[in-house]
Amino acid sequence: MEQIQKILETFDSWLWGNWLLFVLLGVGVLYTVITGTVQLRHFPLIMKKTLVEPVFGKKRNKTSDGAITSFQALCTALASCVGSGNIVGVATAVMTGGLGALFWMWVAAFVGMATKYGEIILGILYRKKDSNGDWQGGPMYYIADGLHMKWLANICAFAMVLQIISANFIQSNTVAGVTQSNFHMAPWLSGIMLTILLFIVVTGGLKRLAHITERLVPFMACLYVFGGLLIILINITKVPEVFLNIARSAFGMDAITGGVAGSMTAAMQRGISRGLYSNEAGEGSAPVIHSSADVEHPVQQGLTGVTEVFLDTFVICTITGLVLGVTGVIDSGEPASVLAIYAFASVWKPLRYLVVISLLLFCTSTLMGQWYFGYVGLSYLRGHKLADKFKYVFPLFCIFGAQMESSLVWTVQDIALAFLTLPNIVALLVLWPKVRAATKDFFTNPKYISYRT
């Protein structure tokens, strides 16, 4: 078994080597160019229409049967991608790559906004209604109908199902670890509680999931962000120094690993990989959720992808990085898994529970959203009858995940994720004219002028 794990780990290291990270970065640059830097030029409009108006302004529109609102799709997608990586993953990045990793995380997120915008548009363009009359879409659909490569679409769908099962094990294991170390709860009990919670969610289908995440995601994001801002404000005099350190480390002026070149390379590798891994731009997961949104034009939903990456990386991940910087805990010797908890506690000990609660909410919300990816993948491969049964099996994985060793599961998930990402990249590289045409149509067509103002 150890030999098999070593082989898998070697294969995983090659799959997720620098070459794949820079290919994803290159795809982001391509979509930034062909969309005319949509994430920059239309940023005020994007924030207004996808975030400000749904939360504070216009009444949300009713949806057709089997569909969810654009804002619900955004919240559900955020629930699935905002997880422990936004806290623990960022800590790992700055510990191994320095604070400069934050700069390269922002670079990856900037171009990642365009990537996610593009793949969501493709998801809407190629989505179909299943036998229940519900919208379904994702990379397998635009690979099959856009590239006419059914075999590759099947690989993509299978990889999605395998990746989601592995992710269940990882998230439930993380929840069990947090509850055991902070509340002395037995892992098996955490697993049972998660299973019951997921049963309540999945039995209501996508509609119930959307209604829950629509309320949970804003709450959990605000809880963590406001808590982080409090820590930063208390240490406001250290903020200029932190930003100076970010700039110095990003360009190798803070030699951490073998001089200027080594320091800059480490910061780039850790920052880009964390940025892409956290916001999931280019992985093909976002179109699955967003394809269920009830919108008039694909670009309307594509714009929410920009918001999704912005909130995930530019807001939540940045808050984590700045808190670690201003509290000076990066060189404390504490492991990455508890570094953020240690940072909050260094200001006031009870604040450690804010991070603990945030971790639990992030991981649990990720679990709640993940079942739908497996459902869509199985529905594509075998039809909705088998997928409906999967809904009731998926929560049971939490009991096993809460009690198992997760190192092998991490490797399997990474490999499955690569086999989901690679076909999606191929589709993005071939189908970009569709995205450019949709973008041009939306921003020049008088029909949508009311939305653009």
Side-chain angles (χ1 to χ4, degrees), residues 78-79 81-110 112 171 174-175 177-178 182 217-236 238-239 241-243 245-247 249-250 266-267 269-281 308-332 334-348 351-366:
L78 275 170
C81 73
V82 174
S84 59
N86 294 75
I87 300 176
V88 179
V90 173
T92 303
V94 298
M95 285 181 70
T96 55
L99 280 170
L102 280 176
F103 173 81
W104 295 108
M105 196 182 301
W106 297 332
V107 171
F110 177 75
Q171 296 297 334
T174 302
V175 170
V178 171
N182 290 279
V217 169
F219 169 75
M220 73 180 193
C222 288
L223 175 69
Y224 184 70
V225 169
F226 288 149
L229 287 173
L230 176 64
I231 302 296
I232 293 167
L233 286 172
I234 291 172
N235 295 276
I236 194 68
K238 297 178 182 177
V239 171
E241 181 186 352
V242 169
F243 276 99
N245 287 337
I246 290 172
S249 174
Q269 288 175 335
R270 303 304 185 273
I272 291 172
S273 62
R274 175 42 45 199
L276 293 171
Y277 201 87
S278 174
N279 58 56
E280 300 181 357
E308 187 181 329
V309 176
F310 174 75
L311 293 175
D312 178 275
T313 306
F314 281 103
V315 177
I316 299 176
C317 287
T318 298
I319 287 291
T320 300
L322 292 180
V323 166
L324 297 178
V326 298
T327 54
V329 300
I330 297 172
D331 298 319
S332 64
E334 295 290 332
S337 59
V338 297
L339 194 63
I341 295 175
Y342 186 73
F344 276 73
S346 69
V347 175
W348 187 42
L351 283 176
R352 72 190 300 269
Y353 291 105
L354 187 146
V355 185
V356 170
I357 292 170
S358 295
L359 266 172
L360 291 174
L361 288 173
F362 286 2
C363 293
T364 304
S365 68
T366 299

Evaluation steps, side-chain contact (heavy atoms from CB on, under 4.5 Å), between V82 and S365: CA-CA 8 Å; V82 174; S365 68; 5.7 Å; no
Candidate pair I246 and F243, rule side-chain contact (heavy atoms from CB on, under 4.5 Å), full reasoning: CA-CA 5 Å; I246 290 172; F243 276 99; 4.2 Å; yes
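Residue L230 forms a side chain to side chain contact (heavy atoms under 4.5 Å, CB included) with just one option from I232, I234, L233, and that option is I234. With respect to S358, the side chain to side chain contact (heavy atoms under 4.5 Å, CB included) criterion is satisfied by exactly one of V225, L223, I341: L223.
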Result block: side-chain N/O donor-acceptor pairs under 3.5 angstrom for residues 315-322, not counting sequence neighbours:
from, atom 1, to, atom 2, distance (Å)
T318, OG1, W106, NE1, 2.8
T318, OG1, T313, O, 3.1
T318, OG1, F314, O, 2.9
T320, OG1, N86, O, 2.9
T320, OG1, Y224, OH, 2.6
T320, OG1, I316, O, 3.3

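Expressed to the nearest 0.5 Å, how far CH2 of W348 lies from CG of L354 amounts to 10.5 Å. The CZ atom of F362 sits 10.5 Å away from atom SG of C81, with the distance rounded to the nearest 0.5 Å.
With sequence neighbours excluded, no residue satisfies side-chain hydrogen bond (donor to acceptor under 3.5 Å, both in side chains) with Q171. By the side-chain hydrogen bond (donor to acceptor under 3.5 Å, both in side chains) test, Y342 pairs with no residue at all, sequence neighbours left out.
Using a 4.5 Å heavy-atom threshold, the side chains of E308 and L311 count as separate. Residues V239 and V326 form a side-chain contact, since some pair of their non-hydrogen atoms from C-beta on lies under 4.5 Å apart.
Shown here for L324 and I330, the closest heavy-atom pair between the two residues is O-CG1, 3.8 Å. In terms of heavy-atom proximity, M95 sits nearest to E334 at CE-O, 3.5 Å. Minimum heavy-atom separation, A336 to T92: CB-OG1, 3.3 Å. Minimum heavy-atom separation, I87 to A340: CG2-CB, 3.4 Å. Here the closest non-hydrogen pair linking T366 and G83 is OG1-CA, 3.7 Å. Contact record, V309 with G112: CG2-O, 4.0 Å, taken as the closest heavy-atom pair.
Looking only at distances, no side-chain donor or acceptor of W104 sits under 3.5 Å from a matching main-chain atom of Q269. Under a 3.5 Å cut-off, the side chain of T364 and the backbone N or O of L361 do not form any donor-acceptor pair. In terms of modelled atom types and a separation under 3.5 Å, the side chain of S273 and the main chain of R270 share a donor-acceptor contact. In this structure, the side chain of N182 engages the main chain of V178 through a donor-acceptor pair within 3.5 Å.
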